[in-house]
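Worksheet: one structure, shown below.
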Amino acid sequence: MKTETKIKQSLDSSKEASTRQATLTVGVIFIASLSALFYAYTSFPELTEDERQYMKLPLHIEEAKSLGKLLGRYKDLYYFQVLAGLFITYVFLQTFAIPGSIFLSILSGFLFPFPLALLLVCSCSAIGASLCYFLSSLLGRRLLFKYFPEKAREWTLTVKKHKDHLFNYMLFLRITPLLPNWFINLASPVIGVPLVPFALGTFFGVAPPSFVAIQAGQTLQNLTSSSDAWSWNSIIILCIFAVLSLVPVLFKQKLQQKYD
């Protein structure tokens, strides 16, 4: 009996130490990320008092318009600073599952040529989501099953069902709004989605919805809300891409049924 108690105490102690170490690692990464964000802000050219009020993360379309005008004025002379600042901010939001990246996607379309804006958004999404994946693998299991137990178990079964074609499944999830992106990022390492299909599926899967946001950014000053970026045409296009992402899976299943 005493031996069992000692083993249990040892396991509990080890678990607490592991949790503390994971929490410390997440804290260090958060501070390092904040430092990078602060460096990007301070490396920007000095702003006037009137301009400084617009240099913040946009929370609605009017703030995005004001920030777009400000960055547009400085972009030609400080192209790298504007690009790097947008990149770092976007990755930061994705890494820590903070809302607001839709406005940065729209701003990318306003500030940069379409191909560069699309590459920027897809890269930031994949990098930020992968970093969020890493943080969740350190600390996410307890949080996920504590606050979202039913959804976590349901998705675990779904992932096991689609384990042979996870890349296509990730594409489908990123294109469609069936699950929020922050939940996908946090849950994937916990329920066994490998990093490679996760990252590649994110990079290519966010392209269709980002296409819509970036295209809307080219007419930023005419928008009255972020929902203006969406139309029935864009929704239909996303549905087509979502179906196409599953075509290889269905084709493979048909072949297996034929030869089994």
Side-chain angles (χ1 to χ4, degrees), residues 29-132 174 177 180-182 185 202-203 206-231 234 238:
I29 293 173
F30 182 74
I31 293 171
S33 302
L34 273 182
S35 300
L37 205 59
F38 181 73
Y39 174 77
Y41 180 81
T42 55
S43 65
F44 204 76
E46 188 174 350
L47 303 173
T48 65
E49 285 294 328
D50 291 337
E51 292 174 327
R52 196 171 291 120
Q53 63 178 314
Y54 303 122
M55 194 66 172
K56 60 182 179 181
L57 179 69
L59 299 178
H60 52 76
I61 199 65
E62 292 304 320
E63 290 183 350
K65 287 181 181 180
S66 300
L67 181 58
K69 286 181 181 178
L70 174 62
L71 296 178
R73 286 200 294 269
Y74 283 91
K75 184 188 66 173
D76 292 335
L77 290 176
Y78 302 96
Y79 190 88
F80 176 77
Q81 285 90 334
V82 171
L83 181 63
L86 200 63
F87 177 88
I88 292 171
T89 305
Y90 205 121
V91 170
F92 179 83
L93 295 182
Q94 291 289 313
T95 300
F96 297 101
I98 301 172
S101 57
I102 179 63
F103 294 111
L104 297 188
S105 297
I106 293 173
L107 276 174
S108 299
F110 177 74
L111 293 169
F112 304 111
F114 189 90
L116 176 59
L118 186 61
L119 178 63
L120 175 68
V121 171
C122 291
S123 299
C124 289
S125 297
I127 293 170
S130 297
L131 290 173
C132 187
R174 294 300 189 183
N181 280 331
W182 62 265
N185 296 345
T202 299
F203 182 88
V206 299
S210 298
F211 183 99
V212 176
I214 291 167
Q215 195 171 42
Q218 295 176 339
T219 57
L220 172 61
Q221 299 307 323
N222 297 326
L223 300 180
T224 56
S225 74
S226 59
S227 61
D228 289 347
W230 301 94
S231 64
S234 61
L238 288 183

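Computed from a predicted model, the values in this text were never measured in an experiment. Reckoned from all heavy atoms, side chains included, excluding hydrogens, waters and symmetry mates.
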What distance separates [X] [atom1] from [Y] [atom2], expressed to the nearest 0.5 Å?
X: Ile102; Y: Ser210; atom1: CD1; atom2: OG; answer: 7.5 Å
X: Ile88; Y: Phe92; atom1: CD1; atom2: CZ; answer: 11.5 Å
X: Leu107; Y: Phe112; atom1: CG; atom2: CZ; answer: 9.5 Å
X: Phe87; Y: Ser123; atom1: CZ; atom2: OG; answer: 7.0 Å
X: Thr42; Y: Leu37; atom1: OG1; atom2: CG; answer: 10.0 Å
X: Cys122; Y: Ile127; atom1: SG; atom2: CD1; answer: 11.0 Å

Is it the case that atom OH in Tyr74 sees more than 12 heavy atoms from other parts of the structure closer than 6.0 Å? yes
Has Tyr39 got more than 12 heavy atoms of other residues, nucleotides or ligands less than 6.0 Å from its OH? no
Start with the C-alpha distance between Trp182 and Ile98, add both sets of side-chain angles, then the distance that settles side-chain contact (heavy atoms from CB on, under 4.5 Å), and finish with yes or no. CA-CA 8 Å; Trp182 62 265; Ile98 301 172; over 6 Å; no
Do you know the tightest heavy-atom contact between [X] and [Y]?
X: Arg52; Y: Leu47; result: NH2-O, 2.8 Å
X: Ile214; Y: Ser105; result: CG1-O, 3.7 Å
X: Ala207; Y: Leu118; result: O-CD1, 3.8 Å
X: Leu57; Y: Glu63; result: O-OE1, 3.7 Å
X: Leu104; Y: Pro58; result: CD2-CD, 4.5 Å
X: Gln215; Y: Phe114; result: N-CE1, 4.1 Å

For a side-chain contact (heavy atoms from CB on, under 4.5 Å) check, start with the C-alpha distance between Cys124 and Gln94, then their side-chain angles and the critical distance, and finish with the verdict. CA-CA 8 Å; Cys124 289; Gln94 291 289 313; 5.7 Å; no
With under 30° as parallel and over 60° as perpendicular, where do the rings of Phe30 and Phe96 fit, or are they tilted in between? perpendicular
Could you tell me whether the side chain of Gln53 and the main chain of Asp50 form a donor-acceptor pair under 3.5 Å? yes
Reference residue Phe110; test side chain to side chain contact (heavy atoms under 4.5 Å, CB included); the match among Leu71, Leu67, Leu220, Thr219: Leu220
